[in-house]
Amino acid sequence: MTTQIPDESAADQAFRAEARTFLEAHARPRPPGSSSSPLGKEMTAEAEAAHVQECRDWQATLAANGWAGISWPAEYGGRGGTVGQARIFAQEEARFDVSSGAFMVAIAMVGPTIIAHGVEEQKAYYLPRMLDGEHVWCQLFSEPGAGSDLAGLTTRAERDGDEFVVNGQKVWTSGAHFSDWGMLLARTDWDVPKHRGITYFLVDMRSPGIEVRPLRQITGYAHFNEVFLTDVRIPAANVLGEVNGGWGVAQTTLGNERAAIGGGGSGIGFKALLHLAEALGRTGDPTVRQDLARSYTRFELLNWLGQRARARAKQGKQPGSEASVMKMLASQRVAADSDLALALEGPAGMLQSGDAPEEGMFQQMFLNQWSVRIGGGTEQIQRNVLGERVLGLPSEPRPDKSLPFRDLPRN
Ligand SMILES: Cc1cc2nc3c(=O)[nH]c(=O)nc-3n(C[C@H](O)[C@H](O)[C@H](O)COP(=O)(O)OP(=O)(O)OC[C@H]3O[C@@H](n4cnc5c(N)ncnc54)[C@H](O)[C@@H]3O)c2cc1C
């Protein structure tokens, strides 16, 4: 099957054909109705380890053949292409049974942050190792007392010669148990307002003093973790950006995270839902047709918002408020689509795994919806961002913005 894009330029068509030739030679077509996302699958520790290895192998294949990091600079292992080419490749890749999901944090979040804020040595070391499948990354931002209010974090980093010594606790750290590196926010100055005393570190997850404890979720799968840091020594050369300038650096990561979650949605596309309705013989039902039309509309709106975000990236801009719109719409989509899927299944919606239709893919999507709706900033926080930055509504009162962090009341 070929993808027809009527207004695509000759150069883009040639690029699409080249991508397709590569993919056909190196990957199997994706079975109809299946998803590349682990969100639609039941996970065991063994299945997860196999998935991570498959992701590493696929990244290595991409890198070896010049298809990794399509829009990243060639000197750091990328292809040096355009954002439009990256989109074309992603469209073609989605039709094949491959995934780079374990590299989402690396390639969609920390990579662009290092490109924007890193010094030459950092770019030269870290970027190629993400693209070739060597380094899986995780995000050590949230803490038990700092989620939505991320700038309230209390993990501390104290300078000791050429190193910082870090103590504290992180939580909800996705994939920490299989990650090689982490991006870490820690407080380096307690005597300035909270946003101004934070530093962004790149930390080797095998450093002594890091203890990773898995947390089990509603799906039965331990996707994220508590991470305890006790006297962890991080070289000063691993500071990304300026000491105490980490909040600004983190905004680059968070904007890219929202765009990635909004762009990826639930990872289960409209076609899978349509496939389910067809398989259950429900596409003639007028109310189901309306629900499917609404689902399709949300899916297409997200695609168009994604185009807008890519146009912005093409101009060299970091993701802005449109990333919050995408994140919110993706949240609404995963909630509505999983409700619809389980309603279509009827009583079978109460089954799971192999007993349920599509191997329980939609039950997993339903249970996993909160990872899209909470992870990367909750729906309420996205609404705050939109209210203040897009609609120009008055901002919430924030006395904590001007007081030294040390003097703020904390739990
Ligand atoms: C699947 C998943 C994966 C995650 N992975 C990672 C990861 O890899 N790394 C990482 O660092 N973090 C990760 N997180 C954490 C995530 O970023 C936080 O859960 C999120 O920011 C919310 O913080 P919280 O859980 O502390 O909730 P809280 O901040 O305690 O919020 C509780 C409730 O209060 C609401 N609320 C809070 N403040 C406001 C406000 N000002 N206005 C209106 N409503 C408000 C929230 O919307 C929410 O409903 C992950 C979370 C999930 C669910």
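Numbers here simply count residues along the sequence, with the first being 1.
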When the side chains of residues 124-142 are checked against the rest of the protein, which donor-acceptor pairs come out under 3.5 Å, sequence neighbours left out?
from, atom 1, to, atom 2, distance (Å)
Arg129, NH1, Tyr125, O, 2.7
Asp132, OD1, Glu134, N, 3.0
Gln139, NE2, Glu257, OE1, 3.1

Mark yes or no for whether [X], through its side chain, and [Y], through its backbone, hold a donor-acceptor pair below 3.5 Å.
| X | Y | result |
| --- | --- | --- |
| Glu158 | Asn167 | no |
| Arg187 | Ala151 | yes |
| Glu226 | Gln169 | no |
| Lys327 | Val372 | yes |
| Gln382 | Gly377 | yes |
| Asn238 | Leu202 | yes |
| Arg233 | Ser207 | no |
| Glu24 | Thr21 | no |
| Gln251 | Gly248 | no |

message = Using 30° and 60° as the class boundaries, would you call the ring planes of Trp247 and His195 parallel, tilted or perpendicular?
response = perpendicular
Which distance, rounded to the nearest 0.5 Å, do you find between the [atom1] of [X] and the [atom2] of [Y]?
| X | Y | atom1 | atom2 | value |
| --- | --- | --- | --- | --- |
| Asp189 | Arg196 | CG | CZ | 10.0 Å |
| Asp337 | Ser295 | CG | OG | 3.5 Å |
| Asn303 | Arg308 | CG | CZ | 13.5 Å |

request  = State whether Asp180 and Arg56 are salt-bridged, where the test is any N-O pair (Lys NZ or Arg NE/NH1/NH2 against Asp/Glu carboxylate O) under 4.0 Å.
outcome  = yes
inquiry  = So for atom CD, which belongs to Glu242, do other residues, nucleotides or ligands contribute more than 12 heavy atoms lying within a distance under 6.0 Å?
reply    = no
ask   = Are more than 12 heavy atoms from other residues, nucleotides or ligands located less than 6.0 Å from atom CZ of Arg398?
value = yes
request  = Tell me, please, which residues at least two apart from Ala102 pass side chain to side chain contact (heavy atoms under 4.5 Å, CB included).
outcome  = Val52, Cys55, Phe178
ask   = Does the side chain of Leu184 come within less than 4.5 Å of Leu229's, by heavy atoms?
value = yes
ask   = Can you name the nearest heavy-atom pair linking Ser100 to Gln59, along with the distance?
value = OG-OE1, 2.9 Å
ask   = Which heavy atom of Arg159 sits nearest a heavy atom of Ala236, and at what distance?
value = NH2-CB, 3.6 Å
Please set out all donor-acceptor pairs under 3.5 angstrom arising from side-chain atoms of residues 70-80, sequence neighbours excluded.
from, atom 1, to, atom 2, distance (Å)
Tyr76, OH, Glu120, OE1, 2.9
Tyr76, OH, Glu120, OE2, 2.8
Arg79, NH1, Gly66, O, 2.8
Arg79, NH2, Glu18, OE2, 3.3

Val232 and Phe201: CA distance, side-chain angles, deciding distance, side chain to side chain contact (heavy atoms under 4.5 Å, CB included) verdict = CA-CA 12 Å; Val232 176; Phe201 295 93; over 6 Å; no
message = Walk me through whether Asn225 and Thr173 qualify under side chain to side chain donor-acceptor pair (under 3.5 Å).
response = CA-CA 5 Å; Asn225 305 270; Thr173 318; over 6 Å; no
query = Asp285 and Thr287: side chain to side chain donor-acceptor pair (under 3.5 Å), yes or no, with the steps?
reply = CA-CA 6 Å; Asp285 178 330; Thr287 58; 2.9 Å; yes
